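This structure is a prediction, so every number in the text was calculated from the model and none was measured.
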Amino acid sequence: NEERLRQALEMLGKASRLLVRGRRLDEAALSLQKEKSIYKEIENYPTCYKKTIAQVLVHLHRNDYVAAERCVRESYSIPGFNGSEDCAALEQLLEGYDQQDQDQVSEVCNSPLFKYMDNDYAKLGLTLVVPGGGIKKKSPNAAQDKARGPAAVGSHADEEEDEYSGGLC
C-alpha cells in the first residue's frame, strides 16, 4: 500500500529461498513465479533472468520437465532474455536433461552462472540428477565430430592452451 515494492520483493525472495530450503518445491515454484512477475513489472530484467534459472531448477527437482520448458518459453517475452547467457545456459540445461545426459547437466550447473546464485538455488543446481540413470544418449556422429574438431583446427595457440590447461603445477 505504501509503494514499498522492493521491500516486499525482498521478503518474497526470502520466502522463496526458505521454501526451497524446506524442500517445499511446489510452493517455491509459485513464489518464484510471483517474484519474477513483480520484477518484470518494475522492469528489473536481469533479476528476472536469475529468477527464471531458479524456477527451472525447482521444476527439474520436481521432475517436471514440461513446466521447466514452459518457464523458459514464457521468459522469451522478457526484453533481452533471448540473447542473454542465462537463456543459452538454460537451453543447454534443458537439452541435457531431456537427453538424459548427466555430464552436460552437471557441466551447466557447475558454471559460474549457476554456482554464484543464492546458496539455496546453487545447491539445487549442484544436486540436480537426471532421471533414468544419467546415461549419455549422444549420437556416434557427435562423438566423432568432437574427436575430429580440435585435430582439424590444429593451430599452435590450441596446442599451447592444452599444454597449460591444468595450470602450471
Side-chain angles (χ1 to χ4, degrees), residues 5 8-146:
L5 201 53
L9 272 171
E10 192 177 316
M11 290 299 130
L12 189 56
K14 286 181 182 181
S16 298
R17 289 190 298 276
L18 283 172
L19 288 168
V20 167
R21 195 176 301 162
R23 306 304 278 174
R24 295 168 56 182
L25 299 178
D26 294 336
E27 295 170 58
L30 293 172
S31 180
L32 280 163
Q33 181 60 41
K34 286 179 192 174
E35 208 178 335
K36 188 169 84 169
S37 64
I38 295 172
Y39 275 116
K40 187 176 177 183
E41 187 179 310
I42 62 172
E43 297 179 1
N44 187 342
Y45 300 127
T47 306
C48 284
Y49 308 162
K50 301 302 177 209
K51 296 302 170 187
T52 301
I53 292 174
Q55 223 180 345
V56 167
L57 288 171
V58 167
H59 286 310
L60 292 179
H61 266 276
R62 293 172 52 227
N63 292 323
D64 193 350
Y65 175 80
V66 174
E69 190 177 33
R70 185 179 58 231
C71 177
V72 172
R73 268 187 278 130
E74 288 171 357
S75 294
Y76 287 136
S77 67
I78 300 170
F81 178 75
N82 199 14
S84 69
E85 68 175 323
D86 302 70
C87 178
L90 283 174
E91 287 174 351
Q92 244 187 327
L93 177 67
L94 289 175
E95 178 188 337
Y97 194 87
D98 189 38
Q99 294 178 358
Q100 296 181 343
D101 184 351
Q102 182 66 49
D103 292 340
Q104 183 175 350
V105 168
S106 296
E107 183 181 323
V108 172
C109 289
N110 280 316
S111 71
L113 185 66
F114 282 66
K115 270 186 159 177
Y116 299 116
M117 294 178 66
D118 288 323
N119 284 340
D120 297 305
Y121 304 131
K123 287 177 186 174
L124 278 183
L126 294 174
T127 59
L128 185 61
V129 178
V130 176
I135 302 165
K136 274 192 172 183
K137 290 191 174 181
K138 291 189 174 179
S139 67
N141 293 341
Q144 288 174 355
D145 290 344
K146 205 174 209 178

Who are the salt bridge (charged side-chain N to carboxylate O under 4.0 Å, His left out) partners of Lys51, not counting sequence neighbours? Glu35
Pairs flagged by salt bridge (Lys or Arg N to Asp or Glu O under 4.0 Å) wherever residues 104-124 is involved - sequence neighbours left out: Arg17-Asp118, Arg21-Asp120
Roughly how far apart are Asn82 CG and Tyr76 OH, rounded to 0.5 Å? 6.0 Å
So, using side chain to side chain donor-acceptor pair (under 3.5 Å) as the criterion, who are the partners of Ser84 when residues are at least two apart? none
Who pairs with Asn119 by side-chain contact (heavy atoms from CB on, under 4.5 Å), at least two apart in sequence or on another chain? none
Rounded distance (nearest 0.5 Å) linking atom CG of Leu128 with atom CG of Leu93: 6.0 Å
Sequence-distant partners of Glu69, side chain to side chain donor-acceptor pair (under 3.5 Å), two or more places apart: none
Rounded to the nearest 0.5 Å, what separation is found between the CD1 atom of Ile53 and the NZ atom of Lys36? 10.5 Å
With sequence neighbours excluded, what pairs up with Ile42 under the side-chain contact (heavy atoms from CB on, under 4.5 Å) test? Leu5, Arg6, Leu9, Tyr39, Asn44
Can you run down the ring-ring contact (aromatic ring centres under 6.0 Å, His included) pairs that involve residues 107-127, sequence neighbours left out, and say none if there aren't any? none
Please list all pairs passing the salt bridge (Lys or Arg N to Asp or Glu O under 4.0 Å) test where one or both residues lie in residues 78-96, with sequence neighbours left out. Lys50-Asp86
Taking only residues two or more places apart in sequence, or in another chain, which ones meet Ala68 in a side-chain contact (heavy atoms from CB on, under 4.5 Å)? Val56, His59, Leu60, Leu94
Is a donor from one side chain sitting under 3.5 angstrom from an acceptor on the other, for Gln33 and Gln55? yes
With sequence neighbours excluded, what pairs up with Tyr97 under the side chain to side chain donor-acceptor pair (under 3.5 Å) test? Asn63
Who pairs with Ala88 by side-chain contact (heavy atoms from CB on, under 4.5 Å), at least two apart in sequence or on another chain? none
Under the salt bridge (Lys or Arg N to Asp or Glu O under 4.0 Å) rule, what pairs show up with a residue in residues 25-34, not counting sequence neighbours? Arg24-Glu27, Asp26-Arg62
